[in-house]
Amino acid sequence: MAATAAWLAPPSRTELIENLVSGVDRYNPSNVGILEDYLYHQIRSEEYDCLANLAILKLYQFNPDLFNPDVVINILLKALTAEPFPDFNLCISLLDDRPPNSALDEPDPLPTLLPLLMNLYNLLHQCRFSAFWVLYRSDELEVIRENYTVECAGFEDAIREVAARSVRATFTRINSERLGTYVDLSGPELEAWVAKQRWTFDSSTGVVSIPPNPDNQIESVVIQEHIKLPQLSKVISHTVQVK
């Protein structure tokens with residue numbers, strides 16, 4: 001419930017943005033600049049507001065002349081950090097097929113980068129974290145690292161939190177080397193990250209222990225059901241009478 005409430009109304013959202021997101025002004029194209037500035041505030045400050053970012057994409061959908069591919073790429077990158085919530089797919093659903101925008105000063109990077117971003121999302125969604133980092137560090141995604149995520153404060157740490165949520169829900173103990181591939185860390189950096197998660201690292205065995213929580217504990221549950229079948233009782237009674 002708390003996560004849903006924060007998704008609907010992040011504490012960082014100002015009254016101005018709240019009015020734009022919740023009222024009829026969300027469809028006013030003159031407000032797109034305010035929402036774009038708010039997006040870049042999110043990028044600089046490690047904050048996130050999905051509904052405000054969706055409002056930008058909706059304005060682009062209704063007003064193709066406003067379309068800014070760099071803004072879209074930044075929105076998709078922020079949505080990646082929200083996995084396992086469906087934010088990325090919500091954003092993709094608002095990206096219509098469109099002809100190249102000849103008004104842009106530079107070539108549109110979105111047709112090239114969108115498939116790569118979708119590959120990153122699929123790897124995260126499938127919990128293939130090691131493969132995610134291999135692709136993210138590849139030469140193929142150098143343009144994303146150097147032009148976009150380098151300016152997105154805390155992007156890599158936010159992805160590590162995605163992995164941490166899955167590990168926390170799945171494991172009670174995990175080899176530190178395996179965990180390191182999930183979060184792209186090793187040595188002292190990995191140990192510091194484990195301590196920040198309040199997990200325990202045993203240096204003698206190389207095993208990280210995750211405290212019990214409702215998701216990583218296996219508990220046997222006995223379920224008893226009492227089913228009444230009045231129609232079957234009538235059939236049996238009728239059969240006995242006939243005999």
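All values derive from a computational prediction rather than experimental measurement.
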Give, for atom [atom1] of [X] and atom [atom2] of [Y], the distance between the pair rounded to the nearest 0.5 Å.
X	Y	atom1	atom2	value
N74	E151	CG	CD	7.5 Å
C152	R44	SG	CZ	11.5 Å
T172	W199	OG1	CH2	11.5 Å
L35	L51	CG	CG	11.5 Å
L141	L135	CG	CG	5.0 Å
C91	L54	SG	CG	5.0 Å

For the side chain of [X] and the backbone of [Y], is there at least one donor-acceptor N/O pair under 3.5 Å apart?
X	Y	answer
R168	N213	no
S22	N19	no
R173	S209	no
D157	G154	no
Q42	D49	yes
N63	L59	yes
T81	K78	yes

Side chains of [X] and [Y] in contact at under 4.5 Å (non-hydrogen atoms):
X	Y	value
F129	V183	no
L110	F67	yes
L179	I174	yes
E83	F88	no

For [X], run the side chain to side chain contact (heavy atoms under 4.5 Å, CB included) check against [options] and tell me which one passes.
X	options	value
I56	N68, V72, V71	V71
L20	N28, V32, T14, I34	I34
I144	I73, L77, V150	L77
L76	L120, L114, L113	L114

same_hphob_cluster([X], [Y]) at 4.5 Å side-chain heavy-atom cutoff:
X	Y	result
M118	F85	no
I43	V21	yes
V143	L116	yes
I17	L8	yes
I75	Y48	no

- With no hydrogens and no angle check, do the side chains of D184 and Y136 hold a donor and an acceptor under 3.5 Å apart?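 Note: D184 and Y136 side chains miss the donor-acceptor criterion.
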- Query: Are S176 and L190 close enough, and set up right, to give a side-chain contact (heavy atoms from CB on, under 4.5 Å), and what steps lead you there?
  - Reply: CA-CA 8 Å; S176 60; L190 176 60; 4.3 Å; yes
Of all the heavy-atom pairs spanning [X] and [Y], show the shortest one and how long it is.
X	Y	result
I210	F171	CB-O, 3.6 Å
W193	R160	CZ2-O, 3.7 Å
E46	A153	CG-O, 3.2 Å
Y182	W133	O-NE1, 2.8 Å
D70	P109	OD1-CG, 4.0 Å
L39	N53	CD1-OD1, 3.7 Å

Take atom [atom1] of [X] as the centre, draw a 6.0 Å sphere, and report whether it contains more than 12 heavy atoms from other residues, nucleotides or ligands.
X	atom1	answer
R165	CZ	yes
Y40	OH	yes
E15	CD	no
E140	CD	no

